[in-house]
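First up is the structure itself, then whatever we jot down about it.
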Amino acid sequence: MLHCVQWAICLAFLVAFASCNAPHVPLDDIFIEKKFVPEQCVRAVKVGDYVRYHYNGMFPDSTKFDSSYDRGSTYNVFVGKKQLIEGMDKALVGMCVNERRLVKIPPHLAYGKQGYGDIIPPDSILHFDVLLLDVWNPEDGVQIKTYHTPSTCTRKVEVSDFVRYHYNGTLLDGTLFDSSHTRMRTYDTYVGIGWLIAGMDQGLLGMCVGEKRFITMPPSLGYGENGDGSDIPGQASLVFDVVLLDLHNPRDGIAVTNQQVPESCTRKTVAGDFVRYHYNGSLLDGTFFDSSYSRNRTYDTYVGRGYVIAGMDEGLIGVCVGEKRTITIPPHLAYGEEGTGSKIPGSAVLVFDIHIIDFHNPSDNTDVSVTYKPEECGGQTKKGDFVKYHYNATLLDGSSIDSTYNYGKTYNVVLGANQVVPGMEEGLLGMCTGEKRHLVIPPHLGYGERGVTDEVPGSAVLVFDVELVDFEEGLPEGYMFIWNDDVSPDLFSEMDKDKNEQVESSEFTDYIMRQVTEGKGRLAPGFDAYRIIDNMFNNQDRNSDGKITEDEFRLKADEAPHDEL
């Protein structure tokens, strides 16, 4: 607090009260005894500086006549401008903040032969125990001392940027008056547009994220003559120990830095694609907040449809499978001023290191590439054929799923019988024996959103390298058994071995198996023969009494299609 001029002048000229009989100690000049000198002295008082100090004023017999401590306020004054007694003007020069001096001033450099009223007798020697708390000069500006510089700095604070920083605020003597750390919340503000005291507006310019600096400012750039009314006294220099955590501008878009781009990229993501990716999420100062790796599961989403924050939606466009990139997202394209309420503070810039595992589009079909085709092709696979093939199966990022080569035997299926995923059905059609193909199967033609527990992740694109080893031609659609020769006109009688005018299940089975063995008929390949024959028998046993009569028995040509004779 500033004292009124009258009070300041009065205090400046107070001298020690001594009894008239007190002996005088002869002094030609002031005598200074340094009671405490700080280890570091970044600045010493010069003529023309403004100082704030505490003192006790005493006579040589230690009788106190005045004290700034008793008034609860420092004494604030310019040095060397005759606002103090001459001895004090000289005694303060060269002092450092937090230095303590015992100053002895002879009468001719104090109040001389006149004394000062009833308080200080003529020819009094005065002792002052002085503690310097602050010093500045009207010519001072903001002083910056950087004590930590990050290894990389892609951008520095400019006017109109929005910053998040932590600080400890002290007076020049080290007295703490405020700290964002104690509130466990950063100070968030725009820079250079008058939202801060002038010294801080200037002191933050040019900082990098992660940088630490001391910003020292005179009162004219801080809280001036009146202070802040509570913890900061008037005419106080301020020191802020600042670490910058975050920086962006409302005009910013996302920033994308490619970390790894695969050599081959046949396709890049577009809006509407479904993407599976891993990520590490951190704040701009490196503080970690989330990771898909920690959950051992990719993040799966559509891009360009608003399913993720706007910055991520944009950052995931135009990437290849296997690509790694860093996406830096300003808060207005992330979680805004509110943050998430827990791990992500308000107005935070987010940094995502992403790795694209796979992507597809719901409109995708199976992508079939022939990698080898024999010169001669005796026939091509079609629906109903029983095929035998080898495969290597991986995810789109190359992660292995399975391989028939590991088991030393082929995988055998009937095409069109829903024994494999639809994409594989499509990829195996039209193959020649010995042909090799590369199949890329989107999840809706593979294992869908659920995948296969512990084997195939949900919504995963599958890659199969297949080799057709052999295939057996299937039966025409709708048939599970066909005759190779003409059908006997006495077919029912031939089945009825015991001639009891009815065919039982065992008779029916024995007859069909004999026709197959003798090459007169053929069952659909790839299925259990006895199950086919049971189905054929049940179709003929129209009243379900366990036997077929001649009235029940009909050839397939004589009725609506179904799987029987």
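Bear in mind the structure is a predicted one, so any value in this text is a computation, not a measurement.
Salt bridge annotation for R183-D178: present, with a cationic side-chain nitrogen under 4.0 angstrom from a carboxylate oxygen. Taking a cutoff of 4.0 Å between a charged side-chain nitrogen and a carboxylate oxygen, D49 and R43 qualify as a salt bridge. Salt bridge absent: E158 and K156 never bring a charged side-chain N and a carboxylate O closer than 4.0 Å. A salt bridge does not link D397 to R276: none of the charged side-chain nitrogens sits closer than 4.0 Å to a carboxylate oxygen. A salt bridge links D66 with R71: the distance from a Lys NZ or Arg NE/NH1/NH2 to an Asp or Glu carboxylate oxygen falls below 4.0 Å.
A donor-acceptor contact shorter than 3.5 Å links the side chain of T269 to the backbone of L316. For T326 (side chain) and D353 (main-chain N/O), no donor-acceptor pair under 3.5 Å exists by modelled atom type. Judged by distance alone, the side chain of H332 and the main-chain N or O of D252 form a donor-acceptor pair under 3.5 Å. A donor-acceptor pair under 3.5 Å is absent between the side-chain atoms of H360 and the main chain of A460, judged by distance alone.
Smallest separation of non-hydrogen atoms from D161 and R155: OD1-NH2, 3.0 Å.
Between the side chains of Y165 and D188, no donor-acceptor pair is found at a separation under 3.5 Å. If you check the side chains of H166 and S180, you find a donor sitting under 3.5 Å from an acceptor. Side-chain N/O atoms of D241 and Y147 include a donor and acceptor closer than 3.5 Å. In this model, a donor atom of one side chain and an acceptor atom of the other lie less than 3.5 Å apart for N249 and S160.
Other residues, nucleotides and ligands contribute more than 12 heavy atoms inside 6.0 Å of the CZ atom of R305. Residue R251 places its CZ atom among 12 or fewer non-hydrogen atoms of other residues, nucleotides or ligands, all under 6.0 Å distant. The neighbour count for E338 CD, taken as heavy atoms of other residues, nucleotides or ligands under 6.0 Å away, does not exceed 12. Other residues, nucleotides and ligands place no more than 12 heavy atoms under 6.0 Å from the CG atom of N296. Applying the 6.0 Å contact sphere to CZ of R267 captures more than 12 heavy atoms from other residues, nucleotides or ligands.
Separating the CG atom in L176 from the OG1 atom in T170 is a distance of 7.0 Å, to the nearest 0.5 Å.
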**OP:** Assess whether salt bridge (Lys or Arg N to Asp or Glu O under 4.0 Å) is satisfied between R100 and D129, documenting all intermediate values.
**Re:** CA-CA 7 Å; R100 182 182 170 196; D129 187 349; 2.5 Å; yes
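In this structure, the side chains of M58 and K104 stay at 4.5 Å or more apart for every pair of heavy atoms.
Between F162 and H248, the two ring planes are tilted [angle within 30° to 60°]. Using cut-offs of 30° and 60° for the angle between ring planes, the F240 and F177 rings count as perpendicular.
The one candidate from I357, D358, V303 that meets the side-chain contact (heavy atoms from CB on, under 4.5 Å) condition with V275 is V303.
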